[in-house]
Amino acid sequence: MAKAFDFPGGIHPPARKTRSTRHPIATAALPKRVVLPLGQHIGQPAEPCVAVGDRVATGTLIARAQGLISADVHASISGEIIAIESRRVPHPGGLSETCIVIEGDGIRDDWERLPALDWRHTDDATLHARLTASGVVGLGGAGFPTQVKARVRERHAIDTLVINAAECEPYISADDMTLREHAADVLEGARLMAHLSGAERIIIGIEDDKPDAAAALKAAIKAGNRDSLEITLKAFPARYPSGGEKQLIKRLLNREVPSRGLPADVGVLCHNPGTLRAALQAVRDGRPMVSRIVTLTGEALARPGNVEARLGTPMTELLDAAGLDEASLARLVMGGPMMGMELAHLDLPLVKSSNCLIAASTIELPAPPVEQPCIRCGACEEACPASLLPQQLYWFAKSQEHDKAELFNLFDCIECGACSFVCPSHIPLVDYYRAAKSDIRARAFEAQKAEHAKHRFEFRQARLAREAAEKDARRQARTQASRRPKAESAKAASKEPPTTSQTSSAASSPSANDADLKSLRIAHAAAKAAVRKAEKVLTRVSQSGGGQGQAQNADEIQDLEVQLATARENLAAIEARMAAAKEAAAEATSDSSMDTDRERAE
Amino acid sequence: MIEWINDHGMLAAIFALAGLSVAFGALLGYAGERFRVEGDPLVERIDALLPQTQCGQCGYPGCKPYAEAISGGDAINKCPPGGDATIAALADLLGREASPLDGEAQDAPRVAYIREDECIGCTKCIQACPVDAILGAAKHMHTVIADECTGCDLCLDPCPVDCIDMIARDDAIDAWQPPLPAGPGHRPAAQLIVSDRAHTPREATHG
Ligand code: SF4
Ligand code: SF4
Ligand code: SF4
Ligand code: SF4
């Protein structure tokens with residue numbers, strides 16, 4: 001098989017997948033009650049659109065996506081909303097989040113489906129809308145909203161869609177089982193997403209320890225090859241982390257995703273098999289995302305396996321059904337043992353990103369040994385699939401030298417844990433990197449917020465200055481208006497033709513006004529230039545918008561709009577002052593001539 | 001000309017150098033005028049380190065004025081919202097000694113919250129807010145845009161019915177940060193399969 005390319009580093013942790021692949025995917029019993037968190041995806045949490053007491057059917061929209069990166073949430077059983085409140089969710093810090101709780105009807109399961117669509121005969125806009133309305137997110141663990149990924153074409157030219165079936169992390173077998181049983185659906189979903197993204201070919205990357213899944217895929221490719229799309233299957237020897245997007249792309253296509261870049265930057269889009277199936281179901285069957293396939297494994301379970309379970313099902317129910325032996329349960333892990341998170345409680349809901357639950361015994365995942373000082377052996381460097389210098393990053397993260405850590409490409413670390421795995425000193429390297437990354441992000445966020453507050457403050461100052469200038473101008477106009485009739489009558493009384501000759505004392509005031517006017521004119525030009533510049537920056541940024549940086553982009557645009565408004569206020573203030581000064585200058589000229597008139601008359 | 005130069009080599013050299021310095025001096029002077037940087041760059045850099053809460057607790061009507069005062073020699077420890085981190089950054093920038101904060105340190109970030117049914121719509125808080133974070137019209141209830149509020153407290157005092165509270169910024173789940181491990185000599189809090197190697201996994205050979 002094609003194996004011309006490779007990524008550096010990598011490790012071979014024990015796979016431990018066989019326990020959960022002995023039986024076909026089972027369907028979990030319908031839960032009596034589900035807890036659906038509003039933020040099961042990356043991005044902004046959804047906003048509830050139902051109230052306590054409402055009746056819902058399976059598939060009813062209960063929370064709407066907010067902002068650019070977000071996903072809808074649907075009822076996963078039919079029943080009644082009994083609470084919208086803060087509940088504990090799967091989170092590494094054990095935090096709570098707003099959840100919608102539905103009390104089920106028991107065995108009844110009424111569905112509310114969207115109309116079925118034939119994607120080959122439906123326009124793109126409808127398909128995008130359907131993906132948005134179905135709440136489909138990446139099922140590989142990260143939970144990135146699929147409809148946002150589907151729109152990537154607006155910013156990048158995509159030529160290849162990669163089905164990421166590597167599933168390199170130990171224990172997890174959800175993708176493997178999905179492919180064994182639903183290979184045709186996965187391929188059809190891939191065709192759909194390739195159609196939306198404009199990709200011309202589909203490449204499936206799979207590790208060679210999944211022969212059954214590979215065989216099912218081959219059969220499905222043969223059976224379904226009625227369109228022009230080229231579909232290739234590439235199997236390669238198992239090595240962790242070949243399922244990392246960047247590593248997979250390197251292995252399959254020999255393309256390097258740039259530092260801090262995305263696969264789309266090199267024309268590739270990666271999707272997890274489960275996500276593709278969910279996307280197809282959303283379009284073909286009008287079935288919103290209400291369930292997922294999850295691997296239940298670990299030695300504390302008597303009947304490990306994969307089950308298709310409704311979202312929001314309490315993990316206890318799933319684990320009990322799989323024969324959980326609480327006495328031997330040492331740790332519960334969600335996700336894989338390398339990149340997943342340890343859960344402190346059993347009563348958490350299953351969410352869209354829960355691909356695997358490991359109920360591990362002490363023997364399986366013993367307590368970590370005590371951390372020792374780094375001996376600078378360099379083992380971590382050899383294992384790193386991203387060609388980083390983990391040892392250097394460790395020193396910088398530990399001493400919080402964030403700028404240096406960034407210089408050494410901390411943000412290219414995929415947090416795979418290969419370095420921690422090989423470290424003879426048992427240093428939890430990834431934990432250091434996670435802490436450093438999140439600290440850097442938090443600081444950047446605060447800095448951005450401060451900058452924004454500064455701009456809003458400046459805007460307010462400018463607005464107040466403009467208001468003051470306008471008020472001044474109005475007052476001046478009023479006083480002049482009240483003086484003018486008197487001057488007019490005086491002029492009429494003198495009945496002498498006005499002369500242009502002026503006394504020296506009167507001449508000094510217009511010339512001071514001239515200087516004022518001149519500096520105002522310069523300020524006016526500068527303010528105008530500032531407005532133009534702000535407009536230009538704003539148009540540039542808003543045109544380059546879109547893609548996966550959308551949320552950040554929106555903040556930036558908002559901030560730039562404030563800056564533009566500030567520049568406009570400044571301009572308006574100067575214009576008001578200029579108008580007032582001009583008026584005053586004109587008045588001074590006529591006044592002085594009038595004074596002269598009066599002097600002569602007397 | 002050439003002859004004169006040959007005869008008075010020393011003088012010629014002096015004239016040439018003097019001429020050059022006049023020419024370059026003029027050029028530099030022109031460039032300095034032409035490409036003048038708006039504002040005082042040091043003030044800008046100091047301002048960039050201040051938290052931009054615009055609360056006035058430093059005794060100045062905003063962060064920028066305080067930045068100007070610092071560059072004019074005022075103490076660097078007067079900003080409570082910035083706290084020790086800001087003092088350290090300022091000390092670093094200005095090469096001054098970091099001194100303890102003059103005032104009470106502030107805890108977690110907060111935002112203002114208006115109890116809307118008690119609000120009488122007097123617009124006093126709008127006038128007080130330095131960043132226009134309050135929305136509302138006369139005689140109508142007012143509300144705070146939490147995203148824009150810097151938590152400066154300035155709207156609290158002007159409110160005649162005391163209907164404004166300061167509450168914790170509601171971003172607990174986003175603001176959560178994984179802790180930095182304790183370092184050598186401690187047991188890591190969360191290490192997963194990494195600790196496998198000490199044992200012989202029962203299933204290590206297949207799968
Ligand atoms: S593997 Fe561990 S001990 Fe060796 S250099 Fe890396 S961090 Fe240090
Ligand atoms: S966790 Fe980061 S530094 Fe460590 S091996 Fe993986 S990519 Fe490299
Ligand atoms: S105390 Fe700090 S945050 Fe408040 S205005 Fe002064 S510099 Fe700004
Ligand atoms: S709403 Fe109140 S606390 Fe918030 S920035 Fe405005 S004045 Fe300060």
Side-chain angles (χ1 to χ4, degrees), chain A residues 13-19 39 91-93 95-97 170 209 299 331 333 336-338 340-342 363-374 397-398 400 417 420-421 423 425-428 431-432 434-436 438-439 442 446 449-454 456-461 463, chain B residues 38 47-54 61-64 81-82 85-86 109 126-127 129-133 145 147-152 169 171-207:
Chain A
R16 303 190 184 169
K17 290 182 192 261
T18 44
R19 290 196 74 213
H91 183 275
L95 297 188
S96 304
E97 202 194 350
D209 62 351
E299 293 194 356
R331 302 205 248 167
V333 174
M338 306 293 296
M341 58 173 107
E342 191 172 343
I363 306 161
E364 229 178 343
L365 292 184
V370 169
E371 177 182 338
Q372 304 291 335
C374 170
K398 202 170 162 206
Q400 311 221 345
S420 312
F421 185 82
C423 177
S425 294
H426 307 294
I427 303 175
D431 294 351
Y432 282 96
R434 284 204 186 118
S438 108
D439 200 31
E446 288 305 326
K449 228 177 144 67
E451 191 66 15
H452 185 55
K454 183 173 136 188
R456 293 201 43 117
F457 180 62
E458 283 169 1
F459 168 68
R460 181 184 162 86
Q461 303 290 86
R463 198 194 72 212
Chain B
E38 282 296 322
D47 196 29
L49 295 178
L50 294 174
Q52 305 300 330
T53 310
Q54 318 294 358
C63 300
K64 186 79 175 276
T86 298
I126 296 192
Q127 290 156 35
C129 178
V131 291
D132 286 341
I145 316 169
D147 267 356
E148 310 287 8
C149 174
T150 64
C152 69
R169 202 158 88 185
D171 53 4
I173 206 144
D174 296 330
W176 181 83
Q177 294 195 14
L180 195 69
H186 298 269
R187 215 174 267 284
Q191 272 282 87
L192 303 174
I193 205 172
V194 176
S195 48
D196 270 8
R197 287 156 301 154
H199 307 264
T200 345
R202 279 185 243 165
E203 231 191 310
T205 44
H206 49 233

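Reminder, nothing fancy here: chain letters follow the sequence lines and each chain counts from 1. Only this structure's heavy atoms are used, side chains among them; waters, hydrogens and symmetry mates stay out. Please read all numbers here as calculations on a predicted model, not as lab measurements.
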**Asked** So which of A/Glu458, A/Lys454, A/His452, A/Arg456 actually passes side-chain contact (heavy atoms from CB on, under 4.5 Å) with B/Val131?
**Response** A/Arg456

**Non-neighbouring partners of A/Tyr432 that pass ring pair (Phe, Tyr, Trp, His ring centres under 6.0 Å), sequence neighbours left out** = A/Tyr394

**Complete:** Okay, B/Pro51 and chain A: the region with an atom under 4.5 Å from a heavy atom over there is backbone

**Message:** Please check: side-chain N/O of A/Glu299 versus main-chain N/O of A/Ile363, any donor-acceptor pairing under 3.5 Å?
**Reply:** no

**Message:** Can you tell me which portion of B/Pro61 sits under 4.5 Å from chain A's heavy atoms? Options are side chain, backbone, both or neither.
**Reply:** backbone

**Heavy-atom side-chain contact between A/Pro92 and B/Pro178 under 4.5 Å** = no

**Part of A/Gln461 within contact of chain B (heavy atom distance under 4.5 Å)** = neither

**Message:** Using heavy-atom distances under 4.5 Å, tell me whether B/Ala133 contacts chain A through its side chain, its backbone, both, or neither.
**Reply:** backbone

